[in-house]
Amino acid sequence: MDAPSKKKPAELSIGRNMLWNSAGSLTYLALQWAITIVIVRLSSGYDAAGVLALAMTVFNIFSPLAIYRMYTYQVSDVKRENTLGEYATFRIITCAAAFAGCLVYAALTCPSSTFVAILLYALFKIASLVIDVLHGEDQLNMRMDYIGKSLMLQGIGTFVVFCAVLACTSSTEAAIAGMLVVTCIVGLVYDLPRTRMFSRIKLGISKEKVLHLLAYCLPIVLAAIACAVVPSVPRQYLSILGGDAALGVYASIAAPAAVIQMGASYIYNPLLSLFSQRYISGDITGFRKLFGRALAAIAALGIAGIAGYMLLGPWILPLVFGESISAHLDLILPVSVMTAVSALLWFANDLLVTIRQFKNALIGNVISLAVAIPSSLFLVPLYGGNGVSFSVIVSYLAGIASMVALSAIEQKRKKK
């Protein structure tokens with residue numbers, strides 16, 4: 001590991017790390033969502049919002065390549081097999097590849113008038129992903145308050161600048177460029193000095209290590225893609241059978257429920273380094289206790305989230321979307337359960353990455369995708385929008401069961 005440039009700050013408790021990570025993540029996500037609403041208010045029509053939505057969509061196509069599941073890998077690298085500089089360099093390489101993909105895709109498929117906005121948005125997201133590598137080092141050193149504060153600064157800064165620039169210039173491109181500048185400033189002025197207290201950042205990585213990481217982590221990248229595709233299968237089938245309106249109603253009701261999944265990630269993400277430490281040290285008892293606590297917390301959050309949405313949804317949804325949504329409130333319970341099950345699947349995914357069972361993660365997610373196709377064909381025609389939720393629930397439960405079984409088999413094999 002690179003030597004630290006200053007005395008290392010003291011570690012925070014697990015509870016404080018969770019609170020700071022949750023507060024920062026929620027602030028950032030809420031303000032990024034608010035931008036998609038404000039852009040309509042500050043523009044004369046929906047054209048600017050459409051350009052921003054297109055830019056988001058194009059980057060999301062290539063985001064798995066940019067991310068390459070390296071954050072989970074990095075924060076579970078308690079043996080420090082790779083330096084911070086190597087992680088940063090590898091992230092720059094994958095982001096460069098993703099940027100090239102965005103450039104080619106935008107040039108071939110998107111209107112020329114949106115080209116600049118798409119590339120600027122890609123650069124904005126890439127800047128935040130590079131900062132994410134610094135956050136990985138912060139998490140390894142149990143100082144997620146730095147992460148939370150950084151995300152708050154990024155969220156507030158990008159929101160204020162986006163609104164101000166758009167109001168003054170009426171240029172979506174200029175507003176996105178403003179977000180890029182703010183993100184870079186936060187990274188350079190706030191994050192970099194703090195992370196350097198843990199490790200010096202010497203950029204550079206060998207060709208052999210790049211090829212090794214690309215090949216070694218490919219299974220978990222493919223697993224993440226398969227996992228993300230599962231909900232798309234029944235949704236697309238719903239669109240074919242019921243039209244865009246049916247999918248629009250479903251998506252509108254499903255969006256708030258995503259808070260359950262996000263909240264679960266805020267519970268277990270700060271624990272990933274601890275899971276890795278206990279597993280590698282052979283402290284299986286400690287690992288299982290930590291797993292039990294995390295699972296209980298996720299289950300409690302899921303139950304609370306389902307109950308909360310069942311209670312508040314019928315009141316809030318008509319206020320936001322109009323009374324017409326009231327005819328579809330039966331979607332709330334299945335959507336909430338689906339999101340809770342999704343949270344469990346992502347927890348299983350990240351846990352398998354943490355203990356380096358990449359093949360089991362891939363197999364489990366491929367099984368989920370395989371189940372999604374026939375279950376969609378059967379359930380969506382029978383239950384409409386609820387069929388989408390039922391299909392995802394069945395598919396993800398199959399994936400979870402597969403991963404648990406495969407992991408148990410591997411543990412027994414290792415004991416022999």
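- Counting only heavy atoms from C-beta outward, the side chains of Leu119 and Phe99 approach each other to under 4.5 Å.
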Check: residues 362-377 side-chain donor-acceptor pairs under 3.5 Å, at least two apart:
from   : atom 1 : to     : atom 2 : distance (Å)
Asn365 : OD1    : Asn349 : ND2    : 3.3
Asn365 : ND2    : Asn349 : OD1    : 2.5
Asn365 : ND2    : Ala361 : O      : 2.7
Ser368 : OG     : Gly364 : O      : 3.3
Ser368 : OG     : Ser395 : O      : 3.0
Ser368 : OG     : Gly399 : N      : 3.4
Ser375 : OG     : Val371 : O      : 2.8
Ser375 : OG     : Ala372 : O      : 3.2
Ser375 : OG     : Ser391 : OG     : 2.8
Ser376 : OG     : Ala372 : O      : 2.6
Ser376 : OG     : Ser391 : OG     : 3.1

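- Between the side chains of Ser407 and Gln357, a donor-acceptor pair is found at a separation under 3.5 Å.
- Aromatic ring orientation, Phe358 versus Tyr216: tilted (interplanar angle from 30° to 60°).
- Considering only heavy atoms from C-beta on, Val133 stays 4.5 Å or farther from Tyr71 through its side chain.
- Separation of atoms OG (Ser402) and CG (Leu406) is listed at 6.5 Å; rounding is to 0.5 Å.
- Side-chain contact between Val165 and Ser171 is absent, with no heavy-atom pair separated by less than 4.5 Å.
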Practice prompt. Mind running side chain to side chain contact (heavy atoms under 4.5 Å, CB included) on Leu203 and Ile201 for me, showing each step along the way?
Written response: CA-CA 6 Å; Leu203 292 178; Ile201 305 173; 4.3 Å; yes

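- Counting only residues at least two apart or in different chains, side-chain hydrogen bond (donor to acceptor under 3.5 Å, both in side chains) contacts with residues 88-108 are absent.
- Using a distance-only test at 3.5 Å, with no hydrogens or angles considered, a donor-acceptor pair links the side chain of Asn60 to the main chain of Met56.
- Under the 3.5 Å distance criterion, the side-chain polar atoms of Ser281 are matched with a main-chain donor or acceptor of Arg278.
- Side-chain N/O atoms of Asp77 and Tyr87 include a donor and acceptor closer than 3.5 Å.
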Using residues 294-309 as the side-chain source, report each donor-acceptor pair under 3.5 Å to any protein atom, sequence neighbours left out, with the distance given to one decimal.
from   : atom 1 : to     : atom 2 : distance (Å)
Tyr309 : OH     : Ile253 : O      : 2.7

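- To the nearest 0.5 angstrom, Arg293 atom CZ is 14.0 Å from Ile267 atom CD1.
- Judged by distance alone, with hydrogens and angles left aside, the side-chain atoms of Glu86 form a donor-acceptor pair with the main-chain N or O of Thr83 at under 3.5 Å.
- Although no hydrogens or angles enter the test, the distance criterion places no donor-acceptor pair under 3.5 Å between the side chain of Arg69 and the main chain of Val221.
- For the side-chain contact (heavy atoms from CB on, under 4.5 Å) with Asn21, the qualifying choice from Gln139, Arg16, Met144 is Met144, the only one to do so.
- Between Leu272 atom CG and Gln277 atom CD the span is 11.0 Å, to the nearest 0.5 Å.
- Atoms CZ and OG, on Phe275 and Ser76 in that order, are 12.0 Å from each other to the nearest 0.5 Å.
- Residues Trp20 and Ile147 have side chains not in contact (no heavy-atom distance under 4.5 Å, counting atoms from C-beta outward).
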Using a 3.5 Å cut-off and no angle test, enumerate the donor-acceptor pairs between side-chain atoms of residues 149-157 and protein atoms at least two apart in sequence or in another chain.
from   : atom 1 : to     : atom 2 : distance (Å)
Ser150 : OG     : His135 : NE2    : 3.2
Ser150 : OG     : Gln154 : NE2    : 3.1
Ser150 : OG     : Asp191 : OD1    : 3.1
Ser150 : OG     : Asp191 : OD2    : 2.6

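- Counted within 6.0 Å of CD on Gln236, heavy atoms from surrounding residues, nucleotides or ligands total 12 or fewer; the atom is thus considered open.
- Side-chain N or O atoms of Ser265 include one that pairs as donor or acceptor with a backbone N or O of Met262 at under 3.5 Å.
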Worksheet entry | Derivation of the side chain to side chain contact (heavy atoms under 4.5 Å, CB included) call for Phe59 and Phe124 | CA-CA 10 Å; Phe59 182 77; Phe124 156 64; over 6 Å; no

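- Between Phe347 and Tyr268, the angle of the ring planes lies from 30° to 60°, which puts this pair in the tilted group.
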Item to complete: Output, in order, the C-alpha distance, side-chain angles, deciding distance and verdict of side chain to side chain contact (heavy atoms under 4.5 Å, CB included) for Phe162 and Val182.
Response: CA-CA 10 Å; Phe162 184 90; Val182 168; over 6 Å; no

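- Ionic pairing of Glu410 and Arg356 is not present here: no N-O contact between side-chain nitrogen and carboxylate oxygen is shorter than 4.0 angstrom.
- Judged by distance alone, with hydrogens and angles left aside, the side-chain atoms of Asn141 form a donor-acceptor pair with the main-chain N or O of Glu137 at under 3.5 Å.
- With sequence neighbours excluded, no residue satisfies side chain to side chain donor-acceptor pair (under 3.5 Å) with Gln74.
- Applying the side chain to side chain donor-acceptor pair (under 3.5 Å) rule to Ser389 yields the partners Tyr250; only residues at least two apart in sequence or on another chain are considered.
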Fill in: Derivation and outcome, side chain to side chain contact (heavy atoms under 4.5 Å, CB included), residues Val161 and Met179
CA-CA 7 Å; Val161 169; Met179 292 199 297; 5.8 Å; no

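- Of the possible donor and acceptor atoms, one in the side chain of Asn17 sits under 3.5 Å from a partner among the backbone N and O of Leu12.
- Atom-to-atom distance recorded for Thr72:OG1 and Asp350:CG is 4.0 Å, nearest 0.5 angstrom.
- Thr114 places no side-chain N or O within 3.5 Å of a backbone atom of Cys110 that could act as its donor or acceptor partner.
- Taking a cutoff of 4.0 Å between a charged side-chain nitrogen and a carboxylate oxygen, Arg143 and Glu11 do not qualify as a salt bridge.
- Put simply, the side chain of Val341 reaches to within 4.5 Å of the side chain of Ile400, judged on heavy atoms.
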